[in-house]
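For reference, the structure discussed in these notes is given below.
Nothing fancy with the numbering, it's 1 onward along the sequence.
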Amino acid sequence: MWVKALDMLMDRLRVQGLDYGQVVGISGSGQQHGSVYWRRGARNTLQNLNESKFLYEQLSLSFALAESPIWMDSSTSKQCRQLEQHLGGAQQLADLTGSRAYERFTGGQIAKVRETKSEAYQQTERISLVSSFMASLLLGDYAPIDLSDGSGMNLLDISKKAWSEECLDFCGPDLAEKLGKEIVPSSQIIGKVGSYFVERYGFSAECYVVAFTGDNPASLAGMCLGPNDVAVSLGTSDTAFISLTNPKPSLDGHIFINPINEEHFMGMICFKNGSLTRERIRDTCADANWEIFNQLLESTPRGVFGNIAFYFDLPEIYPVVSGDFRFNRFDSQVSSFAAEVEIRACVESQFLRLRIHGENLGFKRGPNTRILATGGASANNSILSVLADVFNAPVYTYSIPNSAVLGSALLAKFGKIPLCLQFRCRQLTFNYSAFYAASEKDTTSYYDMVLKLNTNFKLISKPSQDAGEIYDSMADRYRKLEQRLENQSNDDSS
Ligand code: ADP
């Protein structure tokens, strides 16, 4: 399906009049955590593609697994717990790879394939991520996995930026060979476009391919996220991305290598109960109307009289509990709140959660911190003014229709030439040396360059003067109450 999608995309762009000969460089992104199992002999097929046929016709027998596991698969709990045990515990695995073992992460997925489909595993010549798989099609050879998407596998030592032998040994024999020993920065040029694309579509033989990365890292690149920014996406789930220099891997978030600068990191936290929970509170407390919701939200004071609540329609990622839990200013559990209190408690608590778990990963608010809000609920300025207060930082919105695609394009534009190619490329064309010059600069200058391309940030709300005082102490209380819920849930399950 994915191969055929590329065939269709190439044809449609040609029909729309794109002159492929003008394309200087290509990068892209793929959904994180999915894996593709190439069958023995597939490399040979990739290197000898016939330009008169579609890719899907030629590659239909090139896969050892007919269906690629993707992020929605959560059937690997057994392998996850075993991998954590193998490394000495969940926190130890998080310290090494940036995340505790997650069912969707590729290490556990590979371990399950090896265990339950051992013949397919043995038949596998190469394992790609969805991102490096698409790059392989364009290169006409196996593309290396990049450091950022590679951080979503529970297999990469994020400090050494190399595969962790301990993790590889647990997940499958000869895994380093199957993954490809080389793992590259997300902005690295990995080769020229394959001759198939030159001959069939008229690409220049000099068109280069930059490593493809995961959709989340590519979004960070597209959002132009700088060291002082927090991107908050208020969609079905509430998600935050942060750029970090000193990350603290924790049990409830992810640390990936930063796609813009591999010396830095990105933190990502995600909570399931976002917009749908806000909608439920709107329906029960505000007549299913956002305007009434906003009026009631604005009618209650910051800090909502010291009340804190947790609304988990679905079992949350952390703490793993479901239900409504309301606490008054003495931290005693109560059964209900007035409608306006319920509304503000819901919004404040959701944002305290993002702030606290961001801090757990190493986020520190500074004088230049900006919150960049996106997602459906970022259309609501009343909600965004609570966000500004809880983080005690100004909130901006911006309009990027698809930040992962934009991020991939920027990575292609500012792609780095690996050392072995630098000398040759400087001599080859002006374009290459221009890209090399751009890539010489540090993150801030990349960021400045990117900001020039994308200036659609709009200030929506500044924090109130008393925000720091109110929400610093509420954040402390939120941590303790959340721990209390987590302990209760552990007691219940044991
Ligand atoms: P997804 O994560 O599915 O891409 P979106 O980012 O499109 O989700 O966000 C959809 C959500 O946005 C809806 O569930 C809705 O609750 C929320 N939403 C839309 N408009 C508003 C609004 N004015 N105020 C608050 N929430 C809103």
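- To the nearest 0.5 Å, atom CD of residue Glu279 and atom CG of residue Asp313 are 10.5 Å apart.
- Rounded to the nearest 0.5 angstrom, Tyr478 OH and Ser473 OG are separated by 15.0 Å.
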Intermediate values then yes/no, side-chain contact (heavy atoms from CB on, under 4.5 Å), Val210 and Gln188: CA-CA 5 Å; Val210 169; Gln188 182 163 308; 5.9 Å; no
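- For the pair Phe312/Leu485, a side-chain contact is recorded, criterion being any heavy-atom separation below 4.5 Å from C-beta on.
- Residues Glu316 and Val321 have side chains not in contact (no heavy-atom distance under 4.5 Å, counting atoms from C-beta outward).
- Using modelled atom types, one finds no donor on one side chain facing an acceptor on the other under 3.5 Å when comparing Asn360 with Ser250.
- Side-chain atoms of Arg280 and Thr277 form no donor-acceptor pair, as typed in the model, at a separation below 3.5 Å.
- A donor-acceptor pair shorter than 3.5 Å cannot be found between the side chains of His264 and Thr245.
- In this structure the side chain of Glu348 reaches within 4.5 angstrom of the side chain of Tyr471, judged on heavy atoms.
- For Ser131 and Asp149, the side-chain atoms include at least one donor-acceptor pair closer than 3.5 Å.
- Here Glu359 pairs with Arg479 in a salt bridge; the nearest charged N to carboxylate O distance falls below 4.0 Å.
- Using a 4.5 Å cut-off on side-chain heavy atoms (C-beta onward), Ile183 and Lys161 make no contact.
- Looking only at atom types and distance, the side chain of Arg100 has no donor-acceptor partner in the side chain of Gln91 under 3.5 Å away.
- Residues Ser27 and Lys413 are not in side-chain contact: their nearest non-hydrogen atoms beyond the backbone lie 4.5 Å or more apart.
- Between the side chains of Tyr311 and Gln350, no donor-acceptor pair is found at a separation under 3.5 Å.
- Side-chain contact, Ser464 with Arg302: a donor N or O sits under 3.5 Å from an acceptor N or O.
- Ring-plane geometry between Phe256 and His33 is classed as tilted, the angle between the planes lying from 30 to 60 degrees on a 0 to 90 degree scale.
- Outside the 6.0 Å centre-distance limit, the rings of Phe133 and Phe212 are not counted as a close aromatic pair.
- Although no hydrogens or angles enter the test, the distance criterion places no donor-acceptor pair under 3.5 Å between the side chain of Asp287 and the main chain of Asn289.
- In this structure, the separation between CZ on Phe241 and CE on Met268 is 5.5 Å, given to the nearest 0.5 Å.
- In this structure, CG on Leu354 lies 7.5 Å from CG on Leu387, to the nearest 0.5 angstrom.
- Within the 4.5 Å cutoff, the side chain of Leu220 has heavy atoms near those of the Pro259 side chain.
- A donor and an acceptor atom, one from each side chain of Ser243 and Asn258, are located under 3.5 Å apart.
- No option in Ile343, Asn380, Asp238 other than Asp238 meets the side-chain contact (heavy atoms from CB on, under 4.5 Å) test with Arg278.
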Chi angles and distances behind the side-chain hydrogen bond (donor to acceptor under 3.5 Å, both in side chains) call for Asn487, Gln483: CA-CA 6 Å; Asn487 294 345; Gln483 186 62 51; 3.0 Å; yes
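- Ion pairing between Arg355 and Asp472 holds under the 4.0 Å rule for side-chain N and carboxylate O.
- Atom OG1 of Thr97 sits about 11.5 Å away from atom CD of Gln92, to the nearest 0.5 Å.
- Glu482 and His357 form a side-chain donor-acceptor contact under 3.5 Å, judged by distance and modelled atom types alone.
- The aromatic rings of Phe293 and Trp290 sit perpendicular, their planes meeting at an angle over 60°, well past the 30° parallel limit.
- Using a 4.5 Å cut-off on side-chain heavy atoms (C-beta onward), Ile127 and Val36 make no contact.
- Rounded to the nearest 0.5 angstrom, Leu361 CG and Asn246 CG are separated by 13.0 Å.
- A 4.5 Å side-chain heavy-atom check between Leu297 and Val386 finds at least one atom pair inside the cut-off.
- Asp157 places no side-chain N or O within 3.5 Å of a backbone atom of Ala162 that could act as its donor or acceptor partner.
- Ring geometry, Tyr102 versus His254: the interplanar angle exceeds 60°, so the pair is classed perpendicular (tilted spans 30 to 60°).
- Looking at Asp146 and Ser186, their side chains do bring a donor and an acceptor atom within 3.5 Å of each other.
- Trp71 and Gln31 form a side-chain donor-acceptor contact under 3.5 Å, judged by distance and modelled atom types alone.
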Leu155/Ser164 under side-chain contact (heavy atoms from CB on, under 4.5 Å): CA gap, chis, key distance, verdict: CA-CA 6 Å; Leu155 294 177; Ser164 150; over 6 Å; no
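- Within 6.0 Å of atom CZ in Arg81, more than 12 heavy atoms from other residues, nucleotides or ligands are found, so the atom counts as buried in its surroundings.
- By the 30° and 60° cut-offs, the orientation of the rings of Tyr396 relative to Phe457 is perpendicular.
- Side-chain contact check for Glu103 and Ser77: at least one donor-acceptor pair (N or O, by modelled atom type) lies under 3.5 Å.
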